[in-house]
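The next block holds one structure in the form of structure tokens; read it before the comments.
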Protein chains: 2
Amino acid sequence: MFTLLGMTSTDAATKADVAARPKRGGGRDRRGELIAIASELFAERGFLATTIRDIADAAGIQSGSLYHHFTSKESMVEELLADYWTTLLQRYREVVDSEPDATKATRGLVRASVLLLDECALALRVMLNDWTYLSETFPFMEESLAECQAIWLDVIERGVAEGSLSSEVDATICYRTVMASVSGTARWFRPEGKVSVEALADDMANIFMSGFAARS
Amino acid sequence: MFTLLGMTSTDAATKADVAARPKRGGGRDRRGELIAIASELFAERGFLATTIRDIADAAGIQSGSLYHHFTSKESMVEELLADYWTTLLQRYREVVDSEPDATKATRGLVRASVLLLDECALALRVMLNDWTYLSETFPFMEESLAECQAIWLDVIERGVAEGSLSSEVDATICYRTVMASVSGTARWFRPEGKVSVEALADDMANIFMSGFAARS
DNA sequence: GCGTTAACCTAGCAAGTGATAGGTTGGTTT
DNA sequence: AAACCAACCTATCACTTGCTAGGTTAACGC
């Protein structure tokens with residue numbers, strides 16, 4: 001430990017840094033701020049490739065200080081993912097409960113997925129990149145996915161039964177195709193970009209309902 | 001280092017292990033074997049989450065021994081990914097060069113993608129899970145993806161021009177939707193599973209061309 | 001002023017990480 | 001028999017990882 005003008009480096013750092021430190025009462029939900037900062041990094045580099053030192057640097061604090069707010073690196077991402085799934089499933093239920101027509105319900109599910117992509121782009125990008133690890137770490141992810149699949153299959157099979165959806169393609173393959181497209185969209189879609197969610201939702205719903213062959 | 005019956009532990013380990021070691025001339029392409037073993041782990045747990053000690057354990061050798069065959073962990077996955085992209089692009093070119101009809105060419109591209117999914121399931125699963133890291137590490141991945149996109153957009157726009165594909169949805173969104181579905185399929189598709197590639201290729205081509213609304 | 005508390009710092013640990021250097025083995029070639 | 005070589009081992013390095021213990025600072029309530 002070197003000394004500077006009779007101060008130890010510890011003292012010097014403390015004096016200087018504390019002055020530049022933002023006031024305590026300022027932005028109130030510090031924990032939320034840190035989650036936002038961390039999520040950005042997770043989405044950009046991947047969860048596993050992001051270290052807590054990266055997060056601390058981005059937040060302008062020391063790595064150890066993060067553990068005042070969180071118990072582990074995993075807990076920094078858990079809320080983000082849990083939020084996504086509860087919201088998605090809640091909106092799915094609203095759609096299927098309020099829409100008896102299977103065709104419209106299918107469009108509604110696509111639409112709900114895409115609109116949520118807009119709100120939770122970070123969460124989807126994080127999951128997209130580290131699904132294997134994250135789904136092993138957080139059991140609720142597999143559980144939520146299972147419920148998601150159940151809702152979709154129910155709607156599709158209802159549509160096939162009432163004759164509005166084609167019985168020629170396998171329901172499970174339909175479901176997986178849609179889900180893959182929607183979540184895969186997270187890789188390029190940016191909420192602030194030039195493609196609007198509304199247009200995207202309509203386009204994707206159209207593709208799945210009618211395909212992209214020209215109507216004859 | 002403890003001793004046992006006058007032997008050092010080093011000697012003991014050597015004597016025993018060498019006896020159990022497979023003969024040298026046996027399976028000739030050892031490097032290829034190791035790539036296969038590593039790929040399996042990469043696909044299962046993710047590239048970043050797999051350590052070279054995991055790979056060595058699975059291969060029944062010591063971690064240091066891997067560096068007799070490879071210069072780095074990255075080089076263990078590079079061939080796998082490069083193979084995928086060269087094959088995909090080559091087959092894409094065969095399709096667009098030999099098929100003047102845009103509708104059939106589109107089906108051909110979907111089909112080629114799905115069939116390759118069958119052959120290169122591991123490569124796709126690896127990319128799907130660690131795309132962010134891998135595409136930063138291997139520049140050829142972004143380059144190949146760009147060429148892939150160019151081929152797709154060309155075919156789609158040709159189809160729109162000749163009136164066989166709908167002009168109502170954005171070409172780029174079409175492309176991204178298809179690609180996301182196909183590569184996302186790698187998450188659940190298993191070559192040895194009960195869904196045949198042929199059926200899958202047909203189903204997916206049908207979904208994209210005609211959608212899953214019942215034909216009226 | 002005094003105690004409390006949230007937010008942060010410093011310093012470092014234990015466990016792993018990818019990678020390396022040099023030695024050993026046994027089959028193949030000459 | 002001698003030389004060669006691929007395949008592997010042992011032991012270890014330098015570094016990074018997530019995480020922790022204990023201390024410091026400043027705002028707030030009484």
Side-chain angles (χ1 to χ4, degrees), chain A residues 1-3 7-34 37-38 41-42 45-77 133 137, chain B residues 1-2 7-35 37-38 41-42 45-77 133 137:
Chain A
M1 189 182 288
F2 70 96
T3 58
M7 278 172 156
T8 65
S9 68
T10 302
D11 293 338
T14 305
K15 284 273 167 69
D17 293 355
V18 164
R21 203 181 290 164
K23 291 285 170 288
R24 304 312 159 86
R28 260 200 354 294
D29 184 14
R30 187 65 168 128
R31 185 187 157 90
E33 278 177 26
L34 292 174
I37 291 172
L41 291 177
F42 292 154
R45 317 179 188 181
F47 177 77
L48 289 173
T50 304
T51 72
I52 57 156
R53 284 172 179 82
D54 290 337
I55 303 169
D57 283 354
I61 60 179
Q62 293 296 313
S63 67
S65 305
L66 286 171
Y67 289 84
H68 173 69
H69 303 275
F70 305 96
T71 63
S72 69
K73 184 186 169 189
E74 273 74 23
S75 72
M76 292 186 209
V77 85
Y133 176 81
T137 307
Chain B
M1 190 182 288
F2 70 96
M7 278 171 156
T8 66
S9 67
T10 301
D11 292 338
T14 304
K15 286 271 168 69
D17 292 352
V18 165
R21 205 181 288 164
K23 290 286 170 286
R24 303 309 157 85
R28 258 201 356 292
D29 183 13
R30 187 64 170 128
R31 184 187 158 90
E33 279 176 26
L34 292 174
I35 288 186
I37 292 172
L41 291 178
F42 292 154
R45 316 180 188 179
F47 178 77
L48 290 173
T50 304
T51 72
I52 57 157
R53 283 168 179 83
D54 289 338
I55 302 169
D57 283 354
I61 61 178
Q62 293 295 317
S63 67
S65 305
L66 286 171
Y67 289 85
H68 173 68
H69 303 275
F70 306 95
T71 63
S72 67
K73 185 185 167 188
E74 273 73 24
S75 72
M76 292 186 209
V77 85
Y133 176 82
T137 307

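All heavy atoms count here, side chains included; hydrogens, waters and symmetry mates do not. So that the names make sense, note that chain A is the first sequence line, chain B the second, and so on, each numbered from 1.
- At dC9(D), one or more side-chain N or O atoms of Ser65(B) fall inside 4.0 Å of OP1 or OP2 (strictly under the cut-off).
- In this structure, Leu66(B) atom CG and dT10(D) atom P are separated by 14 Å, rounded to whole Å.
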Check nucleotides 15-18 of chain C for protein N or O atoms closer than 3.5 Å to its own N or O atoms and list the pairs.
{"from": "dG18(C)", "atom 1": "OP1", "to": "Lys73(B)", "atom 2": "NZ", "distance (Å)": "3.1"}
{"from": "dG18(C)", "atom 1": "OP2", "to": "Ile52(B)", "atom 2": "N", "distance (Å)": "3.1"}
{"from": "dG18(C)", "atom 1": "N7", "to": "Arg53(B)", "atom 2": "NH1", "distance (Å)": "3.1"}
{"from": "dG18(C)", "atom 1": "O6", "to": "Arg53(B)", "atom 2": "NH2", "distance (Å)": "3.2"}

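- The salt bridge (charged side-chain N to carboxylate O under 4.0 Å, His left out) pairs that include a residue from residues 61-76 of chain A number zero, where partners must be two or more places apart or lie in different chains.
- The distance from atom CD1 of Ile61(A) to atom P of dT25(D) is 18 Å, rounded to the nearest whole Å.
- Checked by atom type and distance alone, the side chain of Thr137(A) pairs as donor or acceptor with a backbone atom of Tyr133(A) at under 3.5 Å.
- For residues 45-69 of chain B, the salt bridge (charged side-chain N to carboxylate O under 4.0 Å, His left out) pairs, not counting sequence neighbours, are Arg45(B)-Asp54(B).
- Listed by first and then second residue, the salt bridge (charged side-chain N to carboxylate O under 4.0 Å, His left out) pairs involving residues 61-72 of chain A amount to none (not counting sequence neighbours).
- In this entry the distance linking CG of Leu41(A) with C1' of dT17(D) reads 16 Å, nearest Å.
- As a whole-Å value, the separation of Phe70(A) CZ from dA7(C) P is 11 Å.
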- request: Please assess Met76(B) against Ile55(B) for the test side-chain contact (heavy atoms from CB on, under 4.5 Å), listing each intermediate value before the final yes or no.
  value: CA-CA 10 Å; Met76(B) 292 186 209; Ile55(B) 302 169; 3.9 Å; yes
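- As a whole-Å value, the separation of Tyr133(A) OH from dG18(D) C1' is 10 Å.
- The ring-ring contact (aromatic ring centres under 6.0 Å, His included) search around Phe70(B) returns none, not counting sequence neighbours.
- The phosphate of dC8(C) has OP1 or OP2 within less than 4.0 Å of a side-chain N or O from Arg30(A).
- Going from atom NE2 of His68(A) over to atom P of dG23(D) covers 17 Å, rounded to whole Å.
- In this structure, His69(A) places its NE2 atom 8 Å from C1' of dC8(C), rounding to the nearest Å.
- Taking atom CD1 of residue Ile55(A) and atom C1' of nucleotide dC8(C), one finds them 16 Å apart after rounding to whole Å.
- Of all nucleotides listed (dT10(C), dA6(D), dC8(C)), dT10(C) comes nearest to the side chain of Gln62(A).
- Smallest separation of non-hydrogen atoms from Arg31(A) and His69(A): NH1-O, 2.7 Å.
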